[in-house]
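Data block below; observations after.
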Amino acid sequence: MMQEQQTIKLAIPATADYIDLARLTLYGVANKMGFSYEDIEDMKVAVAEACNNAVLHAYPEGETGTVDLAYEMSENGLAIHIRDHGTSFSYEEPAADLAPNAQQELADISVGGLGIYLMQALMDEVVVTNDEGTHVTLIKYLQTAASRHNGYQGI
């Protein structure tokens, strides 16, 4: 088990071509920490969503930028920080308002807009702040056999 918090940092160009690097780094870190295959796959989807949002929305067309990632490992879990330095968005809607409406026909649902909801569904905690860009923190707790049986204390 890890004795102290360790952080791995990665800065990628804000283009779709580099999102796989964020996912591959996550896979290596999470696998080393002992996360299950299912948890790793969930985290990869959430990280890809956060990075994709930065690529699509943070920087105006033709402007270059970066997406900074930090993978903070502790004995209790993994916190993944995804930050851009571009245009922020309003994140004031409660999670319930972001959930897909089961009453809508599939053809009536617009593409996009469910990224935050998806991240919240896949991760244990999601925090979004808007200060000099957008900063998304995704947290997944490490579920050990002991924590499943004795109640889990988070990060």
Side-chain angles (χ1 to χ4, degrees), residues 1-100 110-144 147 152-155:
M1 199 47 73
M2 208 172 294
Q3 295 298 324
E4 61 187 47
Q5 183 172 322
Q6 298 176 350
T7 302
I8 294 175
K9 295 181 179 181
L10 177 68
I12 60 173
T15 64
D17 296 338
Y18 293 95
I19 293 175
D20 280 346
L21 288 177
R23 291 168 43 97
L24 287 169
T25 303
L26 169 63
Y27 174 79
V29 168
N31 189 47
K32 182 177 179 79
M33 291 180 68
F35 278 98
S36 70
Y37 174 80
E38 292 81 12
D39 281 347
I40 293 171
E41 291 302 308
D42 287 350
M43 288 187 283
K44 284 169 48 180
V45 171
V47 165
E49 279 294 323
C51 289
N52 194 49
N53 283 346
V55 167
L56 292 176
H57 305 295
Y59 303 102
E61 191 170 332
E63 184 179 315
T64 59
T66 61
V67 178
D68 299 323
L69 295 105
Y71 304 87
E72 287 183 8
M73 300 171 281
S74 74
E75 66 180 60
N76 295 328
L78 178 62
I80 307 147
H81 301 275
I82 301 99
R83 178 184 285 277
D84 66 60
H85 305 283
T87 305
S88 297
F89 69 97
S90 176
Y91 179 71
E92 297 174 357
E93 297 177 58
D97 291 344
L98 294 173
S110 64
V111 175
L114 294 178
I116 296 293
Y117 173 76
L118 183 60
M119 287 181 247
Q120 290 173 330
L122 296 172
M123 301 299 291
D124 293 323
E125 292 183 43
V126 176
V127 178
V128 179
T129 57
N130 301 95
D131 55 344
E132 299 177 17
T134 301
H135 179 187
V136 178
T137 302
L138 305 170
I139 298 173
K140 184 65 110 174
Y141 297 116
L142 189 58
Q143 300 291 319
T144 63
S147 69
Y152 185 72
Q153 301 299 318
I155 294 178

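Interatomic distance, OH of Tyr141 versus CD of Glu125, reported as 3.0 Å (0.5 Å rounding). A distance of 10.0 Å separates CG in Asn76 from CD in Gln143, rounded to the nearest 0.5 Å. The CG atom of Leu26 sits 6.5 Å away from atom CG of Leu78, with the distance rounded to the nearest 0.5 Å. Taking CE of Met33 as the start and CG of Asn31 as the end, the distance is 11.0 Å to the nearest 0.5 Å. For the atom pair OG1 of Thr137 and NE2 of His81, the computed distance is 4.5 Å after rounding to the nearest 0.5 Å. Between Met43 atom CE and Tyr27 atom OH the span is 11.0 Å, to the nearest 0.5 Å.
Side-chain contact between Ile82 and Leu138 is present, with heavy atoms from C-beta onward closer than 4.5 Å. Between Ile12 and Thr66 the shortest side-chain heavy-atom distance does not fall below 4.5 Å. By the 4.5 Å heavy-atom criterion applied to side chains, Ile116 and Val128 are counted as neighbours. The shortest side-chain heavy-atom distance between Thr87 and Tyr59 does not fall under the 4.5 Å cut-off.
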task = Check the pair Leu142 / Phe35 against side chain to side chain contact (heavy atoms under 4.5 Å, CB included), numbers first and verdict last.
result = CA-CA 6 Å; Leu142 189 58; Phe35 278 98; 3.7 Å; yes
ask   = Do Val45 and Val47 pass the side chain to side chain contact (heavy atoms under 4.5 Å, CB included) test, and can you show the C-alpha distance, the side-chain angles, and the key distance before you say yes or no?
value = CA-CA 6 Å; Val45 171; Val47 165; over 6 Å; no
task = May I have the step-by-step check of side chain to side chain contact (heavy atoms under 4.5 Å, CB included) for Cys51 and Leu69, ending in yes or no?
result = CA-CA 9 Å; Cys51 289; Leu69 295 105; 3.9 Å; yes
message = One pair to check against side chain to side chain contact (heavy atoms under 4.5 Å, CB included): Val29 and Met73. What are the steps and the verdict?
response = CA-CA 8 Å; Val29 168; Met73 300 171 281; 3.5 Å; yes
request  = Determine, stepwise, if the pair His57 / Asp84 fulfils side chain to side chain donor-acceptor pair (under 3.5 Å).
outcome  = CA-CA 10 Å; His57 305 295; Asp84 66 60; over 6 Å; no
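In this structure, Thr25 contributes its side chain and Leu21 its backbone to a donor-acceptor pair below 3.5 Å. When atom types are taken as modelled, the side chain of Lys140 and the backbone of Leu122 share a donor-acceptor pair closer than 3.5 angstrom. Not a single donor-acceptor pair under 3.5 Å links the side chain of Tyr18 to the backbone N or O of Ala11.
At a threshold of 4.0 Å, the pair Arg83-Asp131 counts as salt-bridged, since one of the basic side-chain nitrogens sits closer than that to a carboxylate oxygen.
Across all non-hydrogen atoms, the minimal contact from Thr7 to Ala70 is CG2-CB, 4.1 Å.
One side chain, His85 or Asp68, offers a donor N or O that lies under 3.5 Å from an acceptor on the other.
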